[in-house]
Amino acid sequence: MAAEYADHFPDDLARKPLDKALINGFAELVQEAGVGPVADVGCGPGHVTAYLNTLGIPVFGIDLSPKMVAVARDAYPELRFHVGSMTAIDLPGDVLGGIAALYSTIHVPDDQLPDVFAEFHRVLAPGGHLLLAFQAGDEQGRLTERFGHAISLGYHWRRPETVAGLIGKAGLLMHAQVVREPGEDEKLPRAFLLARKPQ
């Protein structure tokens with residue numbers, strides 16, 4: 001369903017000025033730290049990867065889905081996209097200036113989320129930043145159909161304070177937490193958490 005997903009969810013940052021401002025702030029912090037490139041983890045069709053690139057950020061995308069990576073490569077051939085998992089990022093430690101994980105950790109089961117944040121801590125350079133975005137709530141379930149395709153995809157809406165606590169336990173320092181109300185095409189509030197790896 002990668003192509004259908006990309007068509008249904010186009011790049012709409014222009015319609016979400018607060019989201020865009022938070023991504024801009026993350027990019028400025030990464031540039032100021034100057035300690036490495038950014039990985040857009042769970043990059044999907046590559047919209048955020050491409051936007052960070054327009055801000056002058058050295059960035060590449062990672063996604064678990066080979067077909068989603070193919071869609072991103074077709075849309076943005078000048079950028080790098082790789083198949084990979086956020087549970088085991090194929091990088092040495094202490095190399096990334098930033099990680100953007102926008103709406104991708106919602107597919108990680110609760111018992112694996114601490115390991116994901118430990119992996120983020122491992123690959124971030126000291127002073128590197130993490131930006132997470134996710135639907136805020138208390139629900140979990142499984143999608144069995146999407147865009148006419150039979151699928152099996154779990155999702156987990158979580159409270160921002162719960163996720164912030166797990167980030168802290170992984171050794172990252174919380175910098176900001178923002179929760180905005182749902183937009184006109186959204187049902188749940190959106191949470192943005194910004195953290196950094198200590199120097």
Side-chain angles (χ1 to χ4, degrees), residues 1-2 4-26 39-49 51-52 61-65 68 85-87 89 98-121 129-196:
M1 67 173 190
E4 292 94 336
Y5 179 94
D7 290 340
H8 190 77
F9 295 105
D11 182 5
D12 60 353
L13 282 176
R15 297 190 305 108
K16 297 179 178 177
L18 180 57
D19 299 18
K20 189 175 180 180
L22 292 166
I23 294 170
N24 289 348
F26 164 74
D40 181 10
V41 178
C43 63
H47 303 321
V48 172
T49 317
Y51 180 68
L52 287 167
I62 301 171
D63 201 281
L64 189 62
S65 165
M68 199 68 83
S85 171
M86 68 178 74
T87 62
I89 299 173
I99 293 174
L102 306 188
Y103 306 104
S104 52
T105 59
I106 65 169
H107 300 301
V108 177
D110 288 341
D111 62 345
Q112 294 181 29
L113 200 57
D115 293 335
V116 166
F117 292 149
E119 183 70 350
F120 288 177
H121 181 279
H129 289 82
L130 167 66
L131 178 65
L132 284 184
F134 53 93
Q135 294 90 338
D138 280 311
E139 180 184 337
Q140 57 183 310
R142 184 162 295 277
L143 298 173
T144 57
E145 186 276 336
R146 196 75 160 162
F147 309 118
H149 298 275
I151 63 170
S152 179
L153 183 63
Y155 65 86
H156 306 264
W157 311 153
R158 298 180 173 106
R159 293 190 172 275
E161 58 270 25
T162 300
V163 179
L166 294 175
I167 289 172
K169 287 180 181 178
L172 300 170
L173 304 176
M174 287 302 306
H175 185 64
Q177 301 181 48
V178 175
V179 178
R180 68 161 175 78
E181 293 304 309
E184 60 183 23
D185 57 344
E186 299 168 339
K187 296 180 180 179
L188 293 170
R190 290 329 198 229
F192 292 81
L193 304 186
L194 182 64
R196 67 178 174 83

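Numbers here are sequence positions counted from 1. Excluded from the calculations below are hydrogen atoms, water molecules and symmetry mates; all remaining heavy atoms, backbone and side chain alike, are included.
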(request) Taking all heavy atoms of E186 and all of G183, pick out the closest pair and write down the distance. (result) OE1-N, 2.6 Å
(request) Report the distance from atom CE of M174 to atom CG of L193, rounding to the nearest 0.5 Å. (result) 4.5 Å
(message) I'd like to know if K187 and E139 make a salt bridge, using a cut-off of under 4.0 Å between side-chain N and carboxylate O.
(response) no
(request) Find the distance between CG (L172) and CZ (F117) and round it off to the nearest 0.5 Å. (result) 8.5 Å
(message) Show, in sequence, the C-alpha distance, side-chain angles and deciding distance for T87 and E119, and conclude whether the side-chain contact (heavy atoms from CB on, under 4.5 Å) test is met.
(response) CA-CA 7 Å; T87 62; E119 183 70 350; over 6 Å; no
(message) With a 4.5 Å cut-off on side-chain heavy atoms, are R190 and P182 touching?
(response) no
(message) To check you understand the geometry: which heavy-atom pair defines the closest contact between M86 and F120, and what is its length?
(response) CB-CE2, 4.0 Å
(message) Would D110 and Q140 count as a side-chain contact (heavy atoms from CB on, under 4.5 Å) here? Give the steps.
(response) CA-CA 10 Å; D110 288 341; Q140 57 183 310; 4.1 Å; yes
(message) Which heavy atom of A100 sits nearest to which heavy atom of L52, and what is that distance?
(response) CB-CD1, 4.4 Å
(request) Please report the closest heavy-atom contact between R158 and F134, naming both atoms and the distance. (result) O-CE1, 3.4 Å
(message) Going by salt bridge (Lys or Arg N to Asp or Glu O under 4.0 Å), name the residues that satisfy it together with E161, two or more places apart in sequence or in a different chain.
(response) none
(request) Write down the atom of P114, the atom of D111, and the distance for their closest heavy-atom approach. (result) CD-O, 3.9 Å
(message) Just verifying a value: how many Å separate D115 CG and L166 CG, rounded to the nearest 0.5 Å?
(response) 10.5 Å
(request) Look up atom CD1 in I62 and atom CD1 in I99, then write down how far apart they are to the nearest 0.5 Å. (result) 8.0 Å
(message) Within this structure, what is the CG-OG1 distance for the pair D138 and T162, rounded to the nearest 0.5 Å?
(response) 7.5 Å
(request) Please name all residues satisfying side-chain hydrogen bond (donor to acceptor under 3.5 Å, both in side chains) with D185, sequence neighbours left out, ordered by chain then number. (result) none
(message) Measuring from atom CZ of R196 to atom CG of L130, what distance do you get when rounded to the nearest 0.5 angstrom?
(response) 12.5 Å
(message) Using every non-hydrogen atom in the two residues, find where A191 and P160 come nearest and quote the distance to one decimal.
(response) CB-CG, 3.7 Å
(message) So L13 and H47, do their side chains get closer than 4.5 Å, heavy atoms only?
(response) no
(message) Between S104 (side chain only) and V41 (backbone N and O only), is there a donor and an acceptor less than 3.5 Å apart?
(response) yes
(request) Give me the one residue out of D19, L132, L18 that meets side chain to side chain contact (heavy atoms under 4.5 Å, CB included) with F192. (result) D19
(request) Answer yes or no: does atom NE2 of H175 have more than 12 heavy-atom neighbours from other residues, nucleotides or ligands under 6.0 Å? (result) no
